[in-house]
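Just below is one structure, and these are the notes that go with it.
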Amino acid sequence: MTTTTRLPAAFRRFRRLRRSEALRRLVAETRLDPRDFVYPLFVTHGLGVRNEIESMPGQYQLSLDQLAAEARELRELRIPAVLLFGLPAAKDDAGSEAYARDGIVQQAARALKDAYPDLCVICDVCLCEYTSHGHCGVLSQSKGGIVTTAGEVDNDATLELLARTAVSQAEAGADMVAPSDMMDGHTAALRAALDDAGFGMTPVMAYAAKFASAFYGPFRVAAESAPAFGDRRGYQMDPPNAREALREIEAEVAEGADIVMVKPALAYLDVLSQARQRFDAPLAAYNVSGEYAMIKAAARNGWIDGPKATLELLTGIKRAGADIIITYHAKEAARSLSETA
Ligand code: PBG
């Protein structure tokens, strides 16, 4: 007789609960649920437009007439929320279509609320899709004889435009606004402007810990928002900094953020997990475009099982502490979950 067979049964306790799917489901600590998903949408002008984004297979730039069908599909899949990004008809230095009454996102918010009143329509608040230079704010100029650094994004001038953007989105029926610009003080600025305009009940989901990431590449193609010069490291966070991320989140909570976000998700699960332990505010994770593209590319090559890898990553994001997962995988993950349910 070998030593192994004489081990007390207690030493074999872990495998007992892994013997069947039913047992595994009973003891599962984390459960993905489509009701935690937010699905990002790229909205564009035109009619009958459904342009697949090459680096994001299965994701499209959609014109307004496509949104009702999209909304129906989301309802069937029990996905409660969308996050809207817009492709303007024209761009300028001040990003004016971001806060135009009839801007593309404002029109999309109206169309979606008409088609599916219970859908939670979240509008991304940023200028990068709307500025001719592609930065997330307006560039600073010499002011009153004081010359600020040329080409730098002017924090406070940008805040005013972001606040106008958020109010215009709320007027169009947005249920929530989500500033992704990474200007200091953006949540306070949006909160004050929304309150003044009579939208005291419109929550702010702040992209609080948003890192300057290489994983936004496919999004910038999809949203046509790559900066024409320089990069975003002057306003987005530096990847090595986790403690700073917690200070950013703390500041956003103090400014009145209703939900805080960590972005991207996969390279920052430690930040997500620490944020979960430190803060009680609802926590969102943004599973970004590059993370989506990696899975799709590997799956297309037959190198990984795409649907399984997707559920595993989304489970990891939830296990790390996310209450809300913003993901391009939302629809397919909801379908896989209903098949396995
Ligand atoms: C706009 C914005 C970006 C993303 C969300 N909002 C791009 C960026 O900061 O360059 C990225 C989302 C993704 O990659 O899926 N500032």
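Counting starts at 1 for both ligands and their atoms, in listed order.
- Among protein heavy atoms, the minimum distance from atom 14 (O) of ligand 1 is reached at S289 OG, 2.7 Å.
- Taking every non-hydrogen atom of Y286 and a distance limit under 4.0 Å, the qualifying atoms of ligand 1 come out as 12 (C), 15 (O).
- Polar contact check, R232 against ligand 1: a nitrogen or oxygen pair lies under 3.5 Å apart.
- Salt bridge annotation for D195-R191: present, with a cationic side-chain nitrogen under 4.0 angstrom from a carboxylate oxygen.
- Atom CZ of F215 is surrounded by 12 or fewer heavy atoms from other residues, nucleotides or ligands within 6.0 Å.
- Residue-ligand proximity: Q236 is placed with a non-hydrogen atom under 4.0 Å from ligand 1.
- Taking all heavy atoms of K210, M182, E129 into account, the minimum distance to atom 16 (N) of ligand 1 is reached by K210.
- Ranking the protein heavy atoms by distance from atom 10 (O) of ligand 1 puts R220 NE, 2.6 Å first.
- Crowding of E160 atom CD: a count of heavy atoms from other residues, nucleotides or ligands under 6.0 Å not exceeding 12.
- For atom 15 (O) of ligand 1, the nearest non-hydrogen atom of the protein is Y328 OH, 2.5 Å.
- Atom 11 (C) of ligand 1 has K263 NZ, 2.9 Å as its closest protein atom, hydrogens excluded (heavy atom only).
- Counting the atoms of ligand 1 from 1 in the order shown, those under 4.0 Å from a heavy atom of F85 are 5 (C), 6 (N).
- Each of the following atoms of ligand 1 lies closer than 4.0 Å to a heavy atom of C136: 16 (N).
- For the pair K210 and Y216, the distance from NZ or CZ to the six-membered ring centre is under 6.0 Å and the angle to the ring normal is within 45 degrees.
- Within the 3.5 Å criterion, the main-chain N or O of W303 finds no donor-acceptor partner in the side chain of N301.
- Compare Y292, F219, F215 by their heavy atoms: the one nearest to atom 13 (C) of ligand 1 is in F219.
- For ligand 1, the atoms closer than 4.0 angstrom to any heavy atom of C126 are 1 (C), 16 (N).
- Taking the six-membered ring for Trp and the full ring otherwise, the centers of H329 and F37 sit at least 6.0 Å from each other.
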